[in-house]
Amino acid sequence: MNISQNLRVVVISLLTSALLACSSTTPAPPAATGTVPRPSLAKAWQGQVLIGAAVDEKNIKTQGELIAEQFNSVVAENAMKPMATEPREGEFHFEAADAIVRFAQSHDMAIRGHTLLWHLHTPDWMWQGANGQPAGRDLVLARLKRHIETEVGHYKGQVYVWDVVNEIIDEKQPDCLRDDLWHRVVGPDYVDYAFRYAHAADPAARLYINEYSTEEPAKRRCLVRVVQGLLQRGVPVNGIGHQMHISVFYPTISAIDETLTTFARLGLENQITELDMSLYRWKDNRLYDTRENLLSLQARRYGEIMRMIHNHPDVTAVTWWGVSDASTWLNQDAPADHRDQPLLLDEHGQPKGAFWAVFAAARR
Ligand code: XIL
């Protein structure tokens, strides 16, 4: 560790301790947790905002009761992505996603659809043409149309909101769109087509652009530009999904607030779609304070975010990216000593400080 890194660690720990010292709002769990029944976050927030979790085919079986108790909305963590639903051209597999949909329906939960178009988790056949040649624009668009029509059609009337496109913004590109195969092979209007295909397949579904780091000014500006273009061209876009894979250290609550306000002013809905709050910094395996302090900071910030949501009738759902700290994508492919705890329930499915903070923030 060099001097500047050392300094950063010291500054950050001081900052964390100072923040914790002035935090009078972190709610404590009820004194005798053993005798107090665990409240339901979904019930506490009922009528205010949907409380969601990303789930998979396994945990709806092993943790089904807990999921149904705490959440009233689900999204498939991976099961509705193109790679999962159409692994080979024209061969659709909805078994895993159907199980999640059945689970949700049997518990009266709302269902988000994620996602119809992404630069990742897209099977290679999408880009392959005849005789080993790369596929051209018309072929890729025809494939995209069939994919979207089939998947959205399959879940018509069941999935109420779709992340039509995922992570398409790149603020470093002149047109603000990611330089990926969609852009290279089809051109920038692939976005318009994706929305139009989805709308045709289920006119009642809400259609979203889903994106990460939307609270960063440059990213936000680019997203505004792209969305304004869509709206001007009459493309049926209803809302913005803000992933919010955030950290205990950033972003500020006011940056999130400003982003939500920006899109609400454009007449759009907002949803927080993939919320988790890492104890670490992005792609950095060092813990900058004691776990205990970081978890208290996490609780406090979760409370602040949820209280800020009260000023945002434009926010219709908040979805956490996972059920409990026992399985979070942030621990996938990480070194053994990297143990992130970004969610509301701990490794044993028990409420953390973060859970109580989100509970306390609900209006009653
Ligand atoms: C992640 C899943 O959580 C992982 O299990 C998978 O290996 C990769 O994808 N942004 C998104 C989500 O939009 O689809 C990603 O989900 C996390 C980042």
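Remember, predicted model here, so these are calculated numbers, not experimental data.
The side chain to side chain donor-acceptor pair (under 3.5 Å) search around R112 returns D163, Q271, not counting sequence neighbours. Qualifying side chain to side chain donor-acceptor pair (under 3.5 Å) partners for S278, counting only residues two or more places apart in sequence or in other chains: D340. Checked against side chain to side chain contact (heavy atoms under 4.5 Å, CB included), A218 has the following partners two or more places apart in sequence or in another chain: E171, R221. Contacts of H93 classified as side chain to side chain contact (heavy atoms under 4.5 Å, CB included), with partners at least two apart in sequence or in another chain: P87, R88, E91, E95. With sequence neighbours left out, the ring pair (Phe, Tyr, Trp, His ring centres under 6.0 Å) criterion links W282 to no other residue. By the ring pair (Phe, Tyr, Trp, His ring centres under 6.0 Å) test, F94 is found to be paired with F92, H154, Y155, residues two or more places apart in sequence or in another chain being considered. With sequence neighbours left out, H121 forms a ring pair (Phe, Tyr, Trp, His ring centres under 6.0 Å) with W118. Remark: R225 pairs with no residue by the side chain to side chain donor-acceptor pair (under 3.5 Å) rule, at least two apart or across chains. Listed by chain and residue number, F103 satisfy the ring pair (Phe, Tyr, Trp, His ring centres under 6.0 Å) test with H107 (two or more places apart in sequence, or in another chain).
In this pair, H310 and W45 present their aromatic rings parallel. The plane angle is below 30°, not in the 30 to 60° band.
Checked by atom type and distance alone, the side chain of K352 never pairs as donor or acceptor with a backbone atom of Q298 at under 3.5 Å. Between the side chain of Y208 and the main chain of N166, no donor-acceptor pair closer than 3.5 Å is present. At least one donor-acceptor pair under 3.5 Å links the side chain of S40 to the backbone N or O of K43.
You'll find the side chain of H119 stays beyond 4.5 Å of the side chain of H183, heavy atoms only.
The list of side-chain hydrogen bond (donor to acceptor under 3.5 Å, both in side chains) pairs with a residue in residues 132-142, not counting sequence neighbours, reads R137-D189. Residue pairs that meet the disulfide bond (SG atoms under 2.5 Å apart) test with at least one member in residues 137-225, sequence neighbours left out, are C176-C222. Sorted by first and then second residue, the side-chain hydrogen bond (donor to acceptor under 3.5 Å, both in side chains) pairs involving residues 55-72 (not counting sequence neighbours) are R38-E69.
L139 contributes atom CG, which lies 4.0 Å from atom CZ of R143 (distance to the nearest 0.5 angstrom).
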